[in-house]
Amino acid sequence: MEPSLLFLDEPTSGQDSSSSQLLLRALRREALEGVNICMVVHQPSYTLFKMFDDLILLAKVGLVVYHGPVKKVEDYFAGLGIDVPERVNPPDYFIDILEGLVKPSSSSNVNYKELPVLWMLHNGYSVPPEMQQSAAVLASSPVELNTGNQAIFYHVTEENSVAGEMWQDMKTNVERQRDIILHNFMRSKDLSNRRTPNVLLQYKYFIGRVSKQRLREAKMQAIDCLILLVAGACLGSLTKVRDESFGAPGYTHTIIAVSLLCKIAALRTFALDKLQYWRESASGISSIAHFVAKDTIDHFNTVIKPAVYLSMFYFFCNPRSSFADNYILLLCLVYCVTGMGYTFAIFLAPGPFQLCSVLVPVVLTLIASRTDGGKFLKILVDLCYPKWALEAFVIANAERYYGVLLVTHCGALMNWGYSLHDWGLCLCVLLLIGLGSRIIAFIGMLSFQKK
């Protein structure tokens, strides 16, 4: 959240001049607060180029050609006989020289392939064996290179006056002090001793960021709701609620459909930004703030999707249970399957995740609908979340029967092992499965972070 070192890869690419300048100004304010900023920039404008403090120029093979203050790079190359033509952007010209696209002036005897060796000799670095021959040739050339660690700027300093050098240094210091003074007036408090924000502040930050991401995905969210509407209309019109079954077949299809759609939607929450989380976790962000913020924003879908589905299913199917009972039950079901979707998204790749999202609801629903079998099958059925969801749906319908109708249909409830007093228990089990799935997903996220 508050790094001391920031690496940026071409942050100005694809931006216009004004946007790039605003970005560089913001980064310069961060640098004034003590953040070390390193970035790769291609073809910066001269205005942006002068905003940097230090510069590294690399040759094709990755060897350093220049590493030092920006204000001295033109003097260095001028000492080699490489002068920037008028009305030419210096960084563009230097890059063209390094790529061999532009040849130095005739007054310079330097080849662009020799620039890395010249920098080594200029700083007194040891020259690799494969470059010794080029170094020997350059050392015997008219360019003064055997002066130990002394700079080649001697050619330039002899031509330029001492007053000019002092003027340039004073001008640079005045500009730096101006930036510092402007920055002090702009900020409201001293941030030089800043620390990583606590969990609550990071949670607040992540809430804002995830909210903006969801707003950008509004079209996709609308498509999810449209699919739920279509599914609710189709299943509601095809389902026939019979008194002897309490509408169990229609609710079985509802559990499969809602589970499948909600798990697929959960894939976008954690699976698509794993790499971003791994990078941010290495800088010290709070994993629990990251996880809880995403889950908090997804509660919007948890509240909306049951209402969207029931708006079609309930009025086409017209069951005996109330709309409120169905909504509360679907709310718990969506919370449950979303937590399972988090677990699949963190532990599995997108391909296997989608396969599990399809197979798991179908298989578990088929197991939960089995009423025969031994003790082992009964334990297995109790571990399946569709069993508790289906039981709650059936109980909500059965509670609407009175007198003789309820007595005549009690046999079906007993055969299924359902009790009219277990509706609250079913909801609690669904919520516990959803909470447990989220805990497993969070532990998995931490374990992958350590790897």
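It should be emphasised that the depicted structure is a prediction, and the values quoted were computed from it without experimental measurement. For the numbers below, each heavy atom of this structure counts, side chains included, while hydrogens, waters and symmetry mates do not. If you read the sequence from its start, that first residue is 1, and numbering goes on from there.
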The reported gap from CZ in Phe393 to CH2 in Trp423 (rounded to nearest 0.5 angstrom) is 10.0 Å
Before giving the answer on side chain to side chain contact (heavy atoms under 4.5 Å, CB included), spell out for Phe316 and Leu235 the whole-Å C-alpha distance, their side-chain angles and the decisive distance to 0.1 Å.
CA-CA 8 Å; Phe316 275 95; Leu235 294 178; over 6 Å; no
Testing the basics here: between Thr269 and Lys294, what is the closest heavy-atom pair and its distance to 0.1 Å?
O-NZ, 3.0 Å
Would you find a donor on one side and an acceptor on the other, under 3.5 Å apart, between the side chain of Asn198 and the backbone of Leu201?
yes
Within-4.5 Å side-chain heavy-atom neighbours: Trp119 and Tyr76:
yes
Can you find a pair of side-chain heavy atoms, one from Ile346 and one from Phe442, that are under 4.5 Å apart?
no
Between the side chain of Trp388 and the main-chain N/O of Leu430, is any donor-acceptor distance below 3.5 Å?
no
Pair Tyr385-Ser259, side-chain donor/acceptor within less than 3.5 Å:
yes
How far does CD of Gln221 sit from CG of Leu215, to the nearest 0.5 angstrom?
9.5 Å
Approximate separation, where rounding is to 0.5 Å, of Ser20 OG and Arg25 CZ
12.0 Å
Go through the steps to decide whether Asn301 and Thr338 satisfy the test side chain to side chain contact (heavy atoms under 4.5 Å, CB included), and finish with yes or no.
CA-CA 10 Å; Asn301 291 328; Thr338 302; over 6 Å; no
If we only count heavy atoms from C-beta on, is the Ser322 to Tyr327 side-chain gap below 4.5 Å?
no
Closer than 3.5 angstrom, by distance alone: can the side chain of Asp9 be matched with the main-chain N or O of Met39 as a donor-acceptor pair?
no
Exam field: side chain Thr343 to backbone Ser437, donor-acceptor pair closer than 3.5 Å:
yes
Supply the atom-to-atom distance Leu8 CG to Ser13 OG, rounded to the nearest 0.5 angstrom.
11.0 Å
Parallel, tilted or perpendicular, as decided by the 30° and 60° cut-offs, for the rings of Tyr66 and Phe77:
tilted
Under a 4.5 Å cut-off applied to non-hydrogen side-chain atoms, are Val40 and Phe7 in contact?
no
Gln202 side-chain N/O to Ser286 backbone N/O, donor-acceptor pair under 3.5 Å
yes
Of the non-hydrogen atoms in Ala265 and Asp224, which two are nearest, and what is the gap between them?
CB-OD2, 4.0 Å
Geometric class of the Tyr251/Phe313 ring pair [parallel <30°, tilted 30-60°, perpendicular >60°]
tilted
Chi angles and distances behind the side chain to side chain contact (heavy atoms under 4.5 Å, CB included) call for Leu48, Val41:
CA-CA 10 Å; Leu48 300 182; Val41 180; over 6 Å; no
Atom NZ of residue position Lys204 - does it have more than 12 heavy atoms of other residues, nucleotides or ligands inside 6.0 Å?
no
How long is the straight-line distance from CE of Met340 back to SG of Cys356, given to the nearest 0.5 Å?
9.5 Å
Polar side chain donor-acceptor pair, Thr254 to Tyr309, under 3.5 angstrom
yes
Drop me the distance from Ser321's OG to Ile395's CD1, to the nearest 0.5 angstrom.
12.0 Å
Expected output: side-chain Asp92 to main-chain Val88 donor-acceptor under 3.5 Å:
no
Are more than 12 heavy atoms, taken from residues, nucleotides or ligands other than Phe300, located less than 6.0 Å from that residue's CZ atom?
no
Does Asp298 form a salt bridge (Lys or Arg N to Asp or Glu O under 4.0 Å) with Arg438? I'd like the steps, not just the answer.
CA-CA 12 Å; Asp298 277 357; Arg438 283 165 170 78; over 6 Å; no
Check whether any side-chain heavy atom of Val334 lies under 4.5 Å from a side-chain heavy atom of Val258, and answer yes or no.
yes
Can you give me the closest heavy-atom contact between Cys225 and Val308, atom names plus distance?
O-CG1, 3.4 Å
Nearest heavy-atom neighbours spanning Ile37 and Leu27
CD1-O, 3.0 Å
Beyond-backbone contact of Ile297 with Phe206, side-chain heavy atoms, under 4.5 angstrom
no
Check this for me: does any side-chain nitrogen of one of Asp53 and Lys71 sit under 4.0 Å from a carboxylate oxygen of the other?
no
Looking only at non-hydrogen atoms, find the nearest pair between Met312 and Ala233 and report the distance.
CB-N, 3.4 Å
Does the plane of the ring in Phe270 sit parallel, tilted or perpendicular to the ring in Phe291? Use 30° and 60° as the thresholds.
parallel
Which is it for Leu329 and Leu333 under the side chain to side chain contact (heavy atoms under 4.5 Å, CB included) test, yes or no, and what are the steps along the way?
CA-CA 6 Å; Leu329 181 50; Leu333 177 62; 5.6 Å; no
Is there a donor-acceptor pair under 3.5 Å between the side chain of Gln15 and the backbone N or O of Pro11?
yes
Which atom pair, heavy atoms only, marks the closest approach of Tyr335 to Leu431?
CE2-O, 3.6 Å
Can you confirm whether Arg28 sits close enough to Leu24 that some side-chain heavy atom of one is under 4.5 Å from a side-chain heavy atom of the other?
no
Got Leu359 and Leu355 here, is their nearest side-chain heavy-atom distance under 4.5 Å?
yes
Using salt bridge (Lys or Arg N to Asp or Glu O under 4.0 Å), reason through Arg209 and Glu280 one step at a time and then give a plain yes or no.
CA-CA 14 Å; Arg209 188 175 75 173; Glu280 291 181 344; 2.6 Å; yes
